[in-house]
Amino acid sequence: MTDRTDHFAGDDPFEIARRWLCEAERTEINDPNAIALSTVDASGLPNARMVLLKGIEDDAFVFYTNYESAKAAELDSAGKAAFVMHWKSLRRQLRVRGLVDREDGAEADAYFASRSLKSRLGAWASRQSRPLRSRAALMAEVAKVTATHGANPKRPPFWGGYRIVPVEIEFWADGAYRLHDRFVWRREAPGSDWSVTRLNP
Ligand SMILES: Cc1cc2nc3c(=O)[nH]c(=O)nc-3n(C[C@H](O)[C@H](O)[C@H](O)COP(=O)(O)O)c2cc1C
Ligand code: PXP
């Protein structure tokens, strides 16, 4: 007999995550889909930065970025990542740890095509994570790619998605006097069965 009810109810953690994000979309003032993405560099030094979660699939979380960025180097070499989302308006937290693969096919093309023209050109212009001489130099690059890539730029080969396939997903909800509720879903590997454990706050 489980006491995993209310916010935590359900047999599919991706469904619960989708439900929480949907609630946050109604209550957060902006960027309810922002995640703090954590990686490690070659020396083992952790790194973190915000990115926007663009999909919760049947077995993965998807975001988009520049494949020549610092994060991409760290994701590609470790093959692993973690992220946390915190919704202040709901007083809830979602934590995910898992394995990472690139999404650089049709889905990435479709997502890129859905972005505004200026954001698409911006992706072409930005050498993300590398030094930039000045704001003016960036704007000159934007003008250059606008001239060369025109009104319908295709997805740059150096820009696309990452899919995080989790082995651990934790749902946390605020409780009175710091007696929070926590449920962690764990599995040995992608494709294995999940086990669910209630954790002390
Ligand atoms: C709310 C928010 C959302 C962001 N979303 C993205 C994103 O989806 N993709 C991205 O490449 N950078 C995004 N950024 C910028 C990143 O935080 C970061 O500055 C950039 O990706 C470079 O990171 P890196 O040098 O560690 O690779 C976002 C920043 C903020 C504050
Ligand atoms: C550099 C960068 N790339 C990608 C994104 C993803 O968001 P969108 O595709 O909606 O622009 C963001 C969001 O802040 C961003 O800053």
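Counting convention: from 1, in listed order, for ligands and their atoms alike. Predicted model, so just to flag it, every value in this text is computed and none were measured.
Residues P190 and V167 are in side-chain contact: their nearest non-hydrogen atoms beyond the backbone lie under 4.5 Å apart. Annotation: side chain of K54 is not in contact with side chain of E103 (no heavy-atom distance under 4.5 Å). The side-chain heavy atoms of E107 and R163, taken from C-beta on, include a pair separated by under 4.5 Å.
A heavy-atom cutoff of 4.0 Å around ligand 1 is satisfied by the protein residues D31, R49, M50, V51, L52, Y64, T65, S69, A70, K71, Q128, S129. Listed by chain and residue number, the protein contacts of ligand 2 are L52, K54, Y111, R115, Q128 (heavy atom within 4.0 angstrom).
At least one donor-acceptor pair under 3.5 Å links the side chain of E28 to the backbone N or O of S89. The backbone N or O of R115 lies less than 3.5 Å from a partner atom in the side chain of R120, making a donor-acceptor pair.
Remark: the R49 side chain and the T39 side chain contain an N/O donor-acceptor pair separated by less than 3.5 Å.
Grouped by direct or indirect side-chain proximity (heavy atoms under 4.5 Å, Ile/Leu/Val/Met/Phe/Trp/Tyr only), W159 sits with V62, Y64, Y111, F112, L117, L121, W124, V145, F158. When hydrophobic residues (I, L, V, M, F, W, Y) are linked wherever their side-chain heavy atoms come within less than 4.5 Å, L52 remains an isolated member.
By the 4.0 Å N-to-carboxylate-O rule, R18 lies close enough to E15 to be salt-bridged with it.
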